[in-house]
Amino acid sequence: MRKTLLFLLTSFSVFAQNQIIPAPVNYEMPKSSFGTFMLDARTSVDATDDNPDAKRIAEFFANTFIIGSQKMVFKKVTTPSFQDKAIIFTINKTPDAQLGNEGYTLEVNEFTIKINANKPAGLFYGIQTLRQLMPAQAENKDFQMGLYPIMNCKITDYPRFGWRGLMLDVSRHFFTKEEVKSYIDLMARYKFNVLHWHLTDDNGWRIEIKSLPKLTEIGAWRVQRFGHFGNRENPKEGEPATYGGFYTQDEIKEVVKYAAERNVTIVPEIDVPGHSMAALAAYPELSTKKDLKRYVNPGTRFADWKDDGTFKMLIENTLNPSDEKVYEFLDKVFTEVAALFPNKYIHIGGDEAYHGYWEEDAGCKALMQKNNLKNTHELQSYFVKRVEKIVNKKGKTLLGWDEILEGGLAPNAAVMSWRGMKGGIEAAKQKHDVVMSPTTFAYLDYMQGDPSVEVPIYSSLSLKKTYQFEAVPDSVDAKYILGGQGNLWTEQIQNYRQALYMTYPRAFAIAESVWSPKEKKDWDNFTSRTESHFMRFDAANLKVSKALFDAIIKMKMDGEKLMCELSTEMNGLEIYYTIDESIPDKFSTKYTEPFEIPKGDVILKVVTYRNGQPLGRSLQIKRSDLERRVKK
Ligand code: ACM
């Protein structure tokens, strides 16, 4: 009993302020009372007028959110009381215009919680908010308290954008069907509604296409390699391809249904004409060289990059746009893909297609001459326009990365802007729909903390920068911006827990950028809420990055002196450091201003504290590494 009391007291203090991510449009606490709803297994769920949609959502909640070890029951509650509490789901008879299709209202009183919405999606989001009003311990399946206090409040909430996405690359790292479902489950809790499923790339073809069985018999498998992606060894002669996997069409249907139950729609991506090594391993005749000795790339160095961002491929990974067989192939692929995914869009990739092999190919040259195509950008545009016709014929709209602008945009295409915002701006100016997912704010594969403690990759993106994501640039008509998304590429991701680590908390920042009103954004308040969600992840045994607590190290030269500047993204932390090899703690030198790293075999060691308690990870970096950072 004493434990219960202590728990309740802590919960009250933590929940005296709302911790909801993404921040709701409007949250009010009753001024005169600190009333609380005590959620326990005696709480019933109910649907006004037995509305079947409301009932379905109510039952979904009762089945997925177990209290202690018990389920809530579906029951009419005529006179709510402490013994007989109810969560009542209502589909508005007269739609509330400001709520739209995904908004909701949520009202918590002592004995009732009322969730109202125009559509089931809104009720679903009301549940997600309700869940976040409960203490973090409610996320722990093994926590048997079975009693969760929820402070009285009144919330009105609806999204800023209709496209709130995350992209998951399942080619570089293969995630099982269960992992994909789990990823969807979590994204839905933060009110994302689009999973962009990157199903094909150089390193694996992951979707069963029944009319083209070799795509998965051969294209889904590569030799097993470890170590940094991009530095791996080529397959040896006769070496079996044992790493990989794919989703059967039945599994895809299961995932699509699972997502739909969580208001997540899935946009499949078949990345062409570039990024096609896995497809070409299965059907080499679709390349210009038609060489038969091909394999699914296990993460070898496949290109030489130049400083200006251009590259030369060392292995052909493009489909041949001058070969009719390629369009027949794509017709088969998109026929089956279109039938599996109810979403309006099919993403056809279009990014980073290397044109070097096309430039040398007699068939491509002849096609260019015949169609008066001035350069290979126009050849790529020719390809995309033909693919668009195929996709449109299947009743779908083509979506592609911003390279599809080059050489002329296909007439009905939507553009996903990744090389910054400029592609999106250009497409919107041409009156095409746009999804913003720029590397500068939304690339979740980039390192979020100090490189010394992260899995190395070529770029960084901090939580704070991610939080500055704004999908509508001043210069464009907002009506063309469908929304935004974060992209999780998985070259340097080894397992599902690492995928979560890279996604969260930056996905919180993206969620807030695409759901909450722009004026609600507040960094200090966001970091405080983020911290409370760390507790939820911890309670649920989900991995999350706490790089937010770490020190940030910036190096520069002042004449001959190597100078070090330390800071933190989160306010209210103290930084302590040593340069004498000792392990720093709060009795070490407290950082106040830039200092010199003396010459010699010196190691900088840094820690952060808050209110006398250690907080961030301990960073330890040799002078020689610090020096290298200056040159960048
Ligand atoms: C991309 O990052 N190549 C879209």
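Quick caveat, the model's predicted, so the values are computed rather than measured. Both counts, for ligands and for their atoms, begin at 1 and track the order of listing. The figures that follow rest on heavy atoms only: side chains count, while hydrogens, waters and symmetry mates do not.
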Quiz item: Would Phe174 and Tyr247 count as a close aromatic pair, with their ring centres under 6.0 Å?
Solution: yes
Exercise. Kindly state whether the ring of Tyr345 and the ring of Trp163 have centres lying under 6.0 angstrom apart.
Key: yes
Quiz item: Should Asp351 be counted as touching ligand 1, given the test is an N or O pair under 3.5 Å?
Solution: yes
Practice problem: State whether the shortest distance between N or O atoms of Tyr443 and N or O atoms of ligand 1 falls below 3.5 angstrom. | Solution: yes
Quiz prompt | Atoms of ligand 1 close to Trp489 [distance to a heavy atom under 4.0 angstrom, numbered from 1] | solution = 1 (C), 2 (O), 4 (C)
Exercise. Give a yes or no on whether a salt bridge exists between Glu208 and Lys253, defined as a side-chain N under 4.0 angstrom from a carboxylate O.
Key: no
Quiz item: What is the ring orientation for Tyr190 with Tyr504, classed by angle as parallel under 30°, tilted 30 to 60°, or perpendicular over 60°?
Solution: tilted
Practice problem: Report yes if some N/O of Glu352 lies less than 3.5 Å from some N/O of ligand 1; otherwise report no. | Solution: yes
Self-check item: Trp418 neighbourhood, listing ligand 1 atoms whose heavy-atom distance to it stays under 4.0 Å
Solution: 1 (C), 2 (O), 3 (N), 4 (C)
Self-check item: Ring geometry between Tyr443 and Trp489 (parallel below 30°, tilted from 30 to 60°, perpendicular above 60°)
Solution: tilted
